[in-house]
2 protein chains.
Amino acid sequence: MKKPTDAELDILAILWQLGPSSVRTVHEALNEQREVVYTTTLKTMQVMTEKGLLRRDTSQKTHIYEAAIQAKMLQEDVVDKVVNTLFAGSPLNLVMHALGNNPTSRQDLDKIKELIKKLEKEK
Amino acid sequence: MKKPTDAELDILAILWQLGPSSVRTVHEALNEQREVVYTTTLKTMQVMTEKGLLRRDTSQKTHIYEAAIQAKMLQEDVVDKVVNTLFAGSPLNLVMHALGNNPTSRQDLDKIKELIKKLEKEK
DNA sequence: CATAATCTACGATATTTATCGTACGACAAA
DNA sequence: TTTGTCGTACGATAAATATCGTAGATTATG
């Protein structure tokens with residue numbers, strides 16, 4: 001599977017969040033991030049469909065698109081690349097960065113502690 | 001500062017790791033990842049120098065290049081984008097993914113626990 | 001010195017990605 | 001039925017990236 005470009009990833013993210021949607025809906029969400037004209041969004045989504053990144057239902061006048069791939073399918077590759085280039089190959093560095101730079105609730109911290117406990121047991 | 005492309009990021013990562021190096025050295029490291037001809041690497045590094053991503057010492061016949069920006073300067077933007085697109089906007093998801101998908105030593109887990117303790121105190 | 005090896009410079013082109021305009025069909029409202 | 005709105009299709013082009021070849025200078029080697 002060919003990996004999505006930056007602009008395509010933005011559209012995928014919107015569809016992952018909203019679920020099946022029309023071009024109009026995606027376009028409006030996209031425009032909150034950056035300005036593009038409608039036909040650009042349309043064209044991009046058509047290309048993405050050809051690439052197999054999206055699927056669409058054309059039974060109505062207004063086509064409904066949905067993501068054909070899941071975020072899960074990209075996470076590993078992307079995180080690997082980020083870790084290897086920006087964090088000196090150390091996932092630990094990335095984790096420390098993410099925790100240090102984002103407000104994390106007590107509940108979330110608890111979840112991490114739990115995972116750590118589990119990992120320690122496995123050793 | 002204009003953000004580096006994917007190919008440029010590979011070269012930056014090499015220079016961050018090796019420190020100041022000749023084009024030849026970078027090229028050889030790069031070829032372990034993907035095949036390119038020497039002049040492609042050279043040209044890319046020349047362009048990167050114009051963009052301000054690299055600096056070079058031309059006092060010798062063989063020019064020596066070094067990174068003009070630090071990984072730190074890109075981490076936040078890149079991680080934000082990854083979190084927002086691939087991890088539903090939740091840094092926690094990224095952290096869990098990184099921990100779950102990579103072997104992490106006991107020492108590293110300790111470091112994370114320590115950071116968590118500190119974060120909890122700050123609340 | 002002659003020849004080969006190593007480098008830089010740089011233009012040309014290929015490839016990929018992104019953007020936009022025009023045409024035209026469907027449909028609803030005046 | 002005429003007009004306006006909303007939608008798709010799709011070609012054209014722009015812009016950004018990546019790749020490569022050739023020329024010529026410098027340095028090392030026989």
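Lettering follows sequence order; numbering is per chain, from 1.
Residue contacts for A/Q46: at a heavy-atom cut-off of 4.0 Å it reaches a base atom on one of the strands shown. Across all strands, B/V47 comes closer than 4.0 Å to no nucleic acid atom at all (heavy-atom distances).
A salt bridge is absent between A/E120 and A/K113: the closest approach of a Lys/Arg side-chain nitrogen to an acidic carboxylate oxygen does not fall below 4.0 angstrom. Between B/E8 and B/K51, at least one side-chain nitrogen of the basic residue sits less than 4.0 Å from a carboxylate oxygen of the acidic one, meeting the salt-bridge criterion.
When the shell of 6.0 Å around CD of A/Q17 is examined, it contains 12 or fewer heavy atoms from other residues, nucleotides or ligands.
Rounded to an integer number of Å, the gap from B/L53 CG to D/dA16 C1' is 14 Å. The distance from atom CE of B/M48 to atom P of D/dA16 is 17 Å, rounded to the nearest whole Å. Rounded to whole angstrom, the span from the CG atom of B/N31 across to the C1' atom of D/dC20 amounts to 14 Å. Taking atom NE2 on A/H63 and atom P on C/dG25, their separation rounds to 15 Å, with Å as the unit. Between A/M45 atom CE and D/dG7 atom C1' there is a gap of 13 Å when expressed in whole angstrom units. Following rounding to the nearest Å, B/H27 (NE2) and D/dC20 (C1') show an atom-to-atom distance of 12 Å. The CG atom of A/D10 sits 15 Å away from the C1' atom of C/dT19 (whole-angstrom rounding). One interatomic measurement links the two molecules: CD of B/Q60 to C1' of C/dT8, which rounds to 14 Å at whole-angstrom precision.
With distances taken from any side-chain atom of A/L42 to the nucleotides C/dA18, D/dT8, C/dC20, the minimum falls on D/dT8. Proximity note for B/R24 (side chain, C-beta onward) versus D/dG7, C/dT6, D/dC20: the nearest is C/dT6. Picking from D/dA9, C/dA18, D/dT19 the nucleotide with the shortest atom distance to the side chain of B/T40 gives D/dT19.
A/T5 has a side-chain polar atom (N or O) that falls below the 4.0 Å cut-off from OP1 or OP2 of C/dA18. Here A/K43 does not reach the OP1 or OP2 of D/dT13: none of its side-chain N or O atoms lies under 4.0 Å away. Listed pair B/R56 / C/dC7 fails the phosphate criterion, with no side-chain N or O lying under 4.0 Å from OP1 or OP2. Residue A/T39 places no side-chain N or O under 4.0 Å from the OP1 or OP2 atom of C/dG21. Put simply, A/Y38 has a side-chain N or O that comes within less than 4.0 Å of OP1 or OP2 on D/dT8.
Mapped onto DNA chain D by nearest heavy atom, B/K51 and B/V37 fall at different nucleotides, with B/K51 at the one closer to the 5' end. Looking at which nucleotide of DNA chain C each of A/K2 and B/Y65 is closest to, the 5′-most match is held by B/Y65.
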request  = Evaluate side-chain contact (heavy atoms from CB on, under 4.5 Å) for A/N101 paired with B/V79, printing each intermediate quantity in order.
outcome  = CA-CA 10 Å; A/N101 282 268; B/V79 171; over 6 Å; no

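Under a cutoff of 6.0 Å and an axis angle of 45°, A/R24 and A/Y38 form a cation-pi pair.
One cannot find a donor-acceptor pair under 3.5 Å joining the base of C/dT8 and the side-chain atoms of B/K61.
No donor-acceptor pair closer than 3.5 Å links the side chain of B/W16 to the backbone N or O of A/L86.
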